[in-house]
Amino acid sequence: MSTLQEEIQRRRTFAIISHPDAGKTTLTEKLLWFGGAIQMAGSVRARKSTKHATSDWMELEKQRGISVTSSVMQFPYREHIINLLDTPGHDDFSEDTYRTLTAVDSAVMVIDSVNGVEAQTIKLLNVCRMRDTPIITFINKLDRESRAPIELLDEIESTLGMQCAPITWPIGMGKSFRGVYHLYNDEISFFDPKAEKGTSETIKGLDNPRLDEVIGKQAEDLRIDIELVRGASNTFDSAAYLSGKQTPVFFGSAVNNFGVQSLLDAVVELSPAPLPRAAVSREVEPDEAKFSGFVFKIQANMDPKHRDRIAFVRVCGGRFERGMKIKQVSTNKLMAVNNAITFMAQDRNTTDEAYAGDIIGIPNHGTVKLGDTFSEGEDLKFTGIPSFAPEHFRRARLKNPLKMKQLQKGLQQLAEEGASQLFKPLLSNDLILGAVGTLQFDVVAHRLEHEYGVDIVFESFDCSTARWLRGSDADLKAISDKYGFNVALDGAEEYVYLAPNRVNLAMAQERYPDIQFLETREIF
Ligand code: G4P
């Protein structure tokens with residue numbers, strides 16, 4: 001294997017998906033701690049708790065400090081390089097959360113053992129499903145009075161449509177939670193919240209008398225449970241996992257560090273190294289000699305003194321080196337990237353380089369757009385970086401009507417960056433903004449004011465979701481005539497149906513069976 005191949009093979013790029021409060025922040029912190037990337041527990045949570053105390057977006061940004069540093073967390077673990085991509089949740093849930101999932105090779109899904117599968121998990125999983133992203137499941141909070149494990153697995157299978165293959169199995173729960181049994185290593189790890197790594201002892205073998213010594217009567221229950229589980233559950237099948245059809249399941253308690261190491265080991269051992277990526281003309285292999293990558297997120301620096309933006313590029317092929325000249329394919333311009341940000345957390349001696357699977361941040365002044373491809377010259381265009389149907393809508397109204405031009409320009413540019421989406425209904429002069437998280441509106445208002453000198457107020461707009469329309473010219477004209485106030489053009493001049501509610505949407509779909517109503521639109 002060449003050095004390039006070796007470097008790529010040891011990379012694992014993943015994100016954590018979960019519903020708010022399932023334990024994503026806690027787990028992130030523990031993963032970083034087990035990976036040796038942070039010395040002290042508490043730092044990630046501290047960031048979050050201050051963050052959580054306010055919904056004011058400027059405050060959020062200030063408290064986050066240089067927020068790019070938390071967007072990608074890279075650390076070495078067991079001869080591997082882990083790239084953990086942050087998926088903002090809570091107040092800062094946005095389209096970025098979805099799009100980050102297009103830049104990873106796998107995901108870890110955290111389920112709260114008390115609440116089971118929750119709404120945001122379903123949404124995020126649907127995004128993963130678009131690329132059949134392999135998912136490892138971590139069922140968290142076993143130290144609480146949880147739902148029965150078998151019931152949780154049933155729920156995952158029925159609501160998320162994936163087979164579950166338990167890798168570990170919990171021994172009791174809540175007050176009687178004693179640890180987990182590893183179904184493949186035939187090992188029992190005893191839970192001890194006071195032990196530094198959550199585990200007091202690990203023993204081999206279900207028949208080990210030490211098991212009875214430590215957990216008494218629960219030992220016999222465990223033996224019966226495991227026999228049932230082995231009979232009734234799916235065996236782990238790597239191919240099924242890698243194609244997104246089966247999820248290996250681990251149980252634990254993140255806050256007590258318990259089960260976290262097994263999870264991190266699973267990321268290294270089970271999840272895929274950087275995968276090939278589809279481009280319009282061909283598939284790009286990670287170990288190609290030449291560099292290529294695409295922009296999945298743009299983050300603006302909100303400090304008015306520094307109007308720069310960071311474009312987050314997922315490296316898809318080859319190797320990046322600081323100072324390299326790369327081509328922005330959409331403009332055909334070469335850029336010498338001397339100030340790229342790489343994310344290696346600890347090792348200050350590393351040269352500034354990145355390999356397929358890694359993320360680099362490219363500072364720019366608004367010239368780089370979401371979905372842009374960078375290459376060493378080839379006219380590549382990566383696919384699979386979509387806009388997602390918004391669920392929140394606002395009508396933008398100017399305080400000073402003379403600033404209409406600036407407003408339109410600002411909204412257009414912010415839409416290209418992915419800050420929010422812009423819709424112009426065919427039969428009105430309204431400018432409608434769409435977002436998947438309401439914080440996106442605050443971002444837009446703030447940036448319009450500070451970067452474009454435009455003051456706006458938001459009004460409510462009666463719409464619950466949007467669908468991009470694909471069909472013949474005649475059909476599109478017919479639906480536009482019928483629902484002109486609710487058919488709009490988006491920032492890329494594509495037809496969109498703005499549905500007041502699900503019933504209207506269903507009716508429109510029934511009335512125009514030849515039109516496709518799409519929940520996502522590829523960014524070109
Ligand atoms: P999130 O990022 O997914 O929103 O979740 P976060 O990690 O913030 O966890 C949400 C709450 O769940 C936190 O409690 C956290 O301490 C708790 N938690 C995480 N893992 C476990 C676990 O294994 N067992 C139990 N019992 N609780 C867990 P909080 O009260 O909101 O915050 P804090 O006061 O504990 O800091």
Side-chain angles (χ1 to χ4, degrees), residues 14-35 38 40-55 60 63-64 67 70-71 73 84-94 96-98 100-101 107-125 128 135-147 149 152 168-180 189-200 249-264 437 439:
F14 76 104
I16 302 180
I17 60 175
S18 66
H19 190 82
D21 285 335
K24 188 189 72 153
T25 311
T26 310
L27 183 64
T28 301
E29 177 173 288
K30 304 297 183 173
L31 289 170
L32 293 176
W33 185 60
F34 274 93
I38 54 171
M40 221 177 43
S43 44
V44 182
R45 285 210 58 73
R47 203 185 74 225
K48 175 181 158 178
S49 51
T50 42
K51 197 171 92 175
H52 206 40
T54 170
S55 62
L60 291 184
Q63 287 160 1
R64 240 187 298 200
S67 42
S70 60
S71 296
M73 291 156 276
L84 172 50
L85 272 55
D86 188 34
T87 48
H90 286 279
D91 296 336
D92 45 3
F93 182 69
S94 70
D96 280 346
T97 312
Y98 287 158
T100 295
L101 297 175
V108 166
M109 171 170 80
V110 184
I111 303 276
D112 182 322
S113 63
V114 183
N115 297 330
V117 177
E118 296 172 88
Q120 212 170 95
T121 311
I122 299 177
K123 286 187 192 173
L124 295 167
L125 199 98
C128 291
I135 314 269
I136 296 177
T137 299
F138 183 76
I139 300 188
N140 191 26
K141 307 195 187 180
L142 263 292
D143 59 316
R144 291 217 177 142
E145 293 306 323
S146 326
R147 308 237 309 259
L152 288 163
T168 63
W169 196 258
I171 310 170
M173 66 170 75
K175 285 200 184 69
S176 61
F177 181 51
R178 308 307 301 272
V180 294
S189 301
F190 293 116
F191 172 58
D192 179 358
K194 288 187 240 55
E196 196 198 17
K197 297 207 162 168
T199 307
S200 55
V249 182
F250 294 81
F251 292 84
S253 169
V255 79
N256 292 303
N257 301 322
F258 189 75
V260 176
Q261 183 125 31
S262 314
L263 181 69
L264 192 51
L439 189 78

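Note that these values count all heavy atoms, side chains included, but never hydrogens, waters or copies made by symmetry. Residues: numbered from 1 along the sequence shown. Remember, it's 1-based here, ligands and their atoms both numbered in the order they're listed.
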Are any of the N/O atoms in N256 less than 3.5 Å from those in ligand 1?
no
State whether the shortest distance between N or O atoms of G23 and N or O atoms of ligand 1 falls below 3.5 angstrom.
yes
Taking 4.0 Å as the limit for heavy-atom contacts, which would you say applies to [X] with ligand 1: side chain only, backbone only, both, or neither?
{"X": "K141", "result": "both"}
{"X": "D143", "result": "side chain"}
{"X": "S253", "result": "both"}

Among the heavy atoms of N140, does any lie under 4.0 Å from an atom of ligand 1?
yes
With a 4.0 Å cut-off on heavy atoms, does P20 reach ligand 1?
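Yes, P20 has heavy atoms under 4.0 Å from ligand 1.
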Are D143 and S253 linked by a side-chain donor-acceptor pair shorter than 3.5 Å?
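Short answer, yes.
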Testing the 3.5 Å rule here: is there a donor-acceptor pair between the side chains of K197 and N257?
no
Taking the ring of F93 and the ring of Y98, is the distance between their centroids below 6.0 Å?
yes
Do D21 and D112 touch side chain to side chain, with heavy atoms closer than 4.5 Å?
no
Taking only residues two or more places apart in sequence, or in another chain, which ones meet R178 in a salt bridge (Lys or Arg N to Asp or Glu O under 4.0 Å)?
none
Short list, please: which atoms of ligand 1 are under 4.0 Å from a heavy atom of [X]?
{"X": "A254", "value": "23 (O)"}
{"X": "K24", "value": "1 (P), 2 (O), 3 (O), 5 (O), 7 (O)"}
{"X": "D21", "value": "1 (P), 3 (O), 4 (O), 5 (O), 10 (C), 12 (O)"}

Are the charged groups of D86 and K24 less than 4.0 angstrom apart, N to O?
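Answer for the salt bridge query: yes.
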side-chain contact (heavy atoms from CB on, under 4.5 Å) partners of T199, counting only residues at least two apart
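T199 satisfies side-chain contact (heavy atoms from CB on, under 4.5 Å) with S189, T202, F258 once adjacent residues are dropped.
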